[in-house]
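Report on the following structure.
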Amino acid sequence: MEIKLAQRVKALTPSSTLAITAKAKELRAQGHDIIGLGAGEPDFNTPQYIIDAAVKSMNEGHTKYTPSAGLPALRKAIVEKIKRDQGIDYDPSEIIVTVGGKHALYTLFQVILDEGDEVIIPTPYWVSYPEQVKLAGGVPVFVEGSEENEFKITPSQLEQAISNRTKAVVINSPSNPTGMVYTEDELLELGKVCVKHNILIISDEIYEKLVYGKNKHISIAQLSTELKEQTIMINGLAKSHSMTGWRIGFAAGNKEIITAMTNLASHSTSNPTTTAQYGAIAAYSGSDESVEEMRKAFEERLNAIYDKLIEIPGFTCIKPQGAFYLFPNVKKAVELTGYENTDEFAKALLEEAKVAVIPGSGFGAPDNIRLSYATSLELLEQAVERMKRFVESKMKITQ
Ligand code: GLU
């Protein structure tokens, strides 16, 4: 039988972050000594108190459907978390619990976009934003966050990108893949443009808890009532509590949008897994002690390997302020080693240096590669050493 796929998935490619991670795991299973710096996935186990709460809920028989927007107790815990961290008030009816932050974004685009509506996406961007926008019939409009400007976009760039079809802009701070964090002033200025043009702000704050040095996470929603009303906040537990596989995220904001998202969820996922929701209640109600421990470990690793990374010939890198990625520009290294482009270079890093990294093309930044430092310091040091040796040996051959 000839299979004809729907038009809208024909151009859909698999997520490069997940695909490379899977490939690295497969190679490792075959006995190859691969160091995986691909996935944005903390290497810590989920804190025990969260696991215990989930197990207890199952033993108590909480194994049935929940409301599509999530358990009332979880939505209340999320309301309290936002009050604690951002100082803003939401009503539980303005919260939907989703199957990870990714699903919150997917559902959001589905309910706000009509065919041809535009969403402004700063580059470099996380791989799934443009695909999700397109799947909802929307058009991604890219605005370049240049390396000279710490990969951030400016208010005038934002304003220039706005058309009468613009529905929303995505702000992801701390950023995946660059690790950059927008300051309060920068967010205020971007916010002014959004308010002036009545653009919805999609604020992806999944790396909220992972900020380093003097940097601070600010949510654009906390800066004024107007901005709060215009923002849909996206967050989740994957990165902060090392709960990637649990798939618990949320969206907070305008009630009409949240209700539409809930209606859509009721026809797709019904509800996020009940057991995971019970774990999430414990996570959001517990102290942030283990979150802080993990944050500190990431910061130590970053500080330990950053200097070594920029010693690799042809690598330059802005020091990240948050998240757990390094996003070096390797244009020069690609030239020095004689590869055609960064994709080929990254492929060779995997096959020859045995280090899995994500090429920047999937993030709209073809001169960069992304390295996740959510792995042990020992492995990170080995990985950087391998990459250095690889580049140096290829340079000798091409010279
Ligand atoms: N968000 C993480 C990453 O960028 C996990 C994989 C994914 O969802 O893209 O690596």
Side-chain angles (χ1 to χ4, degrees), residues 12-26 34-44 46 98-109 121-135 140 145 151 170-181 202-211 217 234-251 269 272 276 294-295 298 301-302 320 322-328 343 346 349-350 355-365 368-375 379-380 383:
L12 189 66
T13 49
S15 153
S16 60
T17 50
L18 294 179
I20 291 168
T21 306
K23 169 110 201 227
K25 280 188 185 159
E26 186 191 311
I34 303 285
I35 304 181
L37 306 186
E41 177 161 53
D43 54 323
F44 303 101
T46 301
T98 53
V99 185
K102 192 183 271 185
H103 178 236
L105 287 159
Y106 179 85
T107 313
L108 176 60
F109 290 128
I121 301 178
T123 63
Y125 48 76
W126 174 50
V127 290
S128 294
Y129 298 139
E131 298 309 308
Q132 292 195 348
V133 167
K134 287 188 265 174
L135 282 170
F151 294 114
V170 178
I171 294 181
N172 173 216
S173 176
S175 152
N176 172 7
T178 70
M180 292 300 127
V181 176
I202 300 173
S203 180
D204 181 350
E205 303 178 17
I206 192 80
Y207 295 94
E208 171 198 3
K209 297 287 178 187
L210 301 177
V211 279
H217 166 76
I234 307 287
N235 207 331
L237 289 167
K239 317 295 179 180
S240 58
H241 292 69
S242 197
M243 289 173 70
T244 48
W246 295 65
R247 311 311 301 137
I248 292 289
F250 70 81
T269 51
M294 292 190 264
R295 189 202 67 79
F298 290 132
R301 294 170 186 180
L302 168 64
F324 40 54
Y325 306 109
L326 286 149
F327 200 57
D343 285 11
L349 279 179
L350 178 62
V355 179
V357 303
I358 317 273
S361 48
F363 305 100
N368 297 64
I369 56 173
R370 193 192 77 174
L371 283 68
S372 157
Y373 51 89
T375 195
L379 283 178
L380 282 168

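Atoms within a ligand are numbered from 1 in the order they appear, just like the ligands themselves.
Taking atom 1 (N) of ligand 1 as the reference point, the nearest protein heavy-atom neighbour is K239 NZ, 3.2 Å. If you check which protein heavy atom lies closest to atom 8 (O) of ligand 1, you get K102 NZ, 2.9 Å. Among all protein heavy atoms, the one lying closest to atom 9 (O) of ligand 1 is T17 OG1, 2.6 Å.
Residue S128 places no N or O, backbone or side chain, under 3.5 Å from any N or O of ligand 1. Geometrically, ligand 1 and A39 share no nitrogen or oxygen pair separated by less than 3.5 Å.
Taking every non-hydrogen atom of Y325 and a distance limit under 4.0 Å, the qualifying atoms of ligand 1 come out as 2 (C), 3 (C), 4 (O), 10 (O). Residue contact check: N176 has heavy atoms under 4.0 Å from atoms 1 (N), 3 (C), 4 (O) of ligand 1.
In this view, L18 and S15, K102 satisfy the side chain to side chain contact (heavy atoms under 4.5 Å, CB included) rule, not counting sequence neighbours. The ring-ring contact (aromatic ring centres under 6.0 Å, His included) search around Y207 returns F324, Y325, not counting sequence neighbours.
Salt-bridge annotation for E26 and K23: absent, with no side-chain N of the basic residue lying under 4.0 Å from a carboxylate O of the acidic one.
Counting only heavy atoms from C-beta outward, the side chains of W246 and T46 approach each other to under 4.5 Å.
Within the 4.0 Å heavy-atom criterion, neither part of T244 lies near ligand 1.
Note on ring orientation: taking the six-membered ring where Trp is involved, the planes of W126 and Y129 are perpendicular (angle over 60°, cut-offs 30° and 60°).
Heavy atoms only, all atoms of each residue included: V181 and G322 are closest at CG2-N, 4.0 Å.
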